[in-house]
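Below: one structure, written as structure tokens.
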Protein chains: 2
Amino acid sequence: MSKKEQIIKESIRLFSEYGYEATSMTKIAEKVDIKKPSLYAHFKNKEAIFYNAVEQVTEEYVDFILTTIQKSRHLSSKETLYNVLHQSYTNEYLLDFLGEFFYRFVLFTPYEVADQIKPLIKKSEEQLESALIKIIEEGQANREIDPALSSHVVLRHYLFIFNNLDVDVRYYSLRGIELEQYLNDIWSVFWRGVKN
Amino acid sequence: MSKKEQIIKESIRLFSEYGYEATSMTKIAEKVDIKKPSLYAHFKNKEAIFYNAVEQVTEEYVDFILTTIQKSRHLSSKETLYNVLHQSYTNEYLLDFLGEFFYRFVLFTPYEVADQIKPLIKKSEEQLESALIKIIEEGQANREIDPALSSHVVLRHYLFIFNNLDVDVRYYSLRGIELEQYLNDIWSVFWRGVKN
DNA sequence: GTCTATAGGGAGATAGAC
DNA sequence: GTCTATCTCCCTATAGAC
């Protein structure tokens, strides 16, 4: 792994744990075992490191979800929707590094870099939404999901769960069986609420 | 309003907008029209200001919810649960100042002050949960809510909505009719999912 | 309680040798 | 690309006069 890649990798961890302001260039340099000024040979400034970190995280995040959807293509809409949730929350790398970072900065974007990173996040959202709405509409065509419901209402609640489970998982430090139970509780009410 | 109260009031706004680290003592001092060192006549340090801010926000937040529940006592469980959500998200003060602050620091507590403020937040959660579980169990006794569901599963989904709507409202900048629509979409799937 | 002045430290960033 | 040395700025916090 090149120094540049190492810097991104370690900065993702630091930014997620401490936040943007509280992550100093010195700390990043220590993690990749160089001195602070050497960072500037790889990136123009701290904002550039952050931008590259966001870019990598959103790409990996979207890739993971789209791949999971692909793999579930032969299953019912119910199973696909459940799998996407389940896989997202039982994959440790996704949960511990990408997810932590993604949600911290989606929710509370540092002022100085907001303009730069908002387009990156918006793009990732659009990719996910267009993949999910297809599955929901297929489910309605199959009569798995109540066709009387607007597909956008179903998508809205699903995305609501998808996005915010992350918040709860982190907040309550849910792992293993507890996480599984939590996911199933939330899912069961959702599915009762949309099934045909 | 005393200077001390002014400091808390303005610091709540600043902390919510910029976060803990990015809110400096100088900015707080400017907002209350004194010089930075004068702040130290009122509070020991920045952490103390933050602690007092959290304390005030959690108290006002819980008070508001418990009062709303009280006022809805003569209504059905369905109406009470809906009202609590609706009132919380159509009250501007709650949404713009208390909510913004509360969720920012519930989700991403600054390292240095985490140990101090976590008990404050935990207490507020417990107060809300014990009030809500009563309403849900009443609803099951009345046959409004499916008694076959565990009341804790219902509470979990309700709290999930209650807590995380805030995240979405802020993220999508939902206001007025859009917010109303969003709330109703989420509510409709939830109620379909728990009703008898 | 409020001020001016300042200590002391850490931040981001740059210059220039190797 | 990496380093040492350093600049400049802003931070929290304190000393001490009024």
Open item on the list: Could you go through F105(A) and Y20(A), starting from their C-alpha distance and side-chain angles, then the distance that decides it, and tell me whether this counts as ring pair (Phe, Tyr, Trp, His ring centres under 6.0 Å)?
Closed with: CA-CA 9 Å; F105(A) 297 111; Y20(A) 182 76; 7.2 Å; no
- [ ] Supply the atom-to-atom distance I117(B) CD1 to E112(B) CD, rounded to the nearest 0.5 angstrom.
- [x] 11.0 Å
Open item on the list: Exactly one of F190(B), F160(B), Y172(B) should register a ring-ring contact (aromatic ring centres under 6.0 Å, His included) with F160(A). Which one does?
Closed with: F160(B)
- [ ] Whole angstrom is fine here: how far is it from CD in E112(A) over to C1' in dG12(C)?
- [x] 11 Å
Open item on the list: Students often get this wrong, so: under 4.0 angstrom with heavy atoms, is S2(B) touching a base, only sugar-phosphate, or nothing?
Closed with: nothing
Task: Protein-nucleotide distance (K35(A), atom NZ; dA17(C), atom C1'), rounded to Å - done: 17 Å
Task: Phosphate OP1/OP2 of dA11(C): any T26(A) side-chain N/O under 4.0 Å - done: yes
Open item on the list: Side chain of K3(A) only, heavy atoms from C-beta on: which candidate in dC3(C), dT2(D), dG12(C) is closest?
Closed with: dT2(D)
Open item on the list: Let's see if you can work this out: which of dT2(C), dG12(C), dA13(D) has an atom nearest to the side-chain heavy atoms of M25(A)?
Closed with: dG12(C)
- [ ] Measure the distance from CD on Q6(B) to P on dT2(C) and round it to the nearest whole Å.
- [x] 9 Å
Open item on the list: Heavy atoms from C-beta onward define the side chain here; which of dT14(D), dC3(D), dT2(C) lies closest to that of I34(A)?
Closed with: dC3(D)
Open item on the list: Taking the minimum atom-to-atom distance to the side chain of S24(B), which one of dT4(C), dA13(C), dC11(D) wins?
Closed with: dC11(D)
Task: Nearest-Å distance for atom pair CG/P, residues L39(B) and dT14(D) - done: 13 Å
TODO: Answer yes or no: is there an ion pair linking R156(A) with D168(B), defined by an N-O contact shorter than 4.0 Å?
DONE: no
- [ ] Quickly work out the Y40(B) OH to dT4(C) P distance and round it to whole Å.
- [x] 16 Å
TODO: Take the angle between the ring planes of Y93(A) and F97(A) and call it parallel below 30°, perpendicular above 60°, tilted in between.
DONE: tilted
TODO: Using a heavy-atom cut-off of under 4.0 Å over every strand shown, decide if S38(A) touches base, sugar-phosphate, or nothing.
DONE: base
Open item on the list: Output the rounded distance in Å from CZ (F43(A)) to P (dT14(C)).
Closed with: 15 Å
- [ ] Please state how far atom NZ in K4(A) lies from atom P in dT2(D), giving the value in whole angstrom units.
- [x] 12 Å
Task: Between C1' of dT4(D) and NZ of K36(A), the distance in whole Å - done: 12 Å
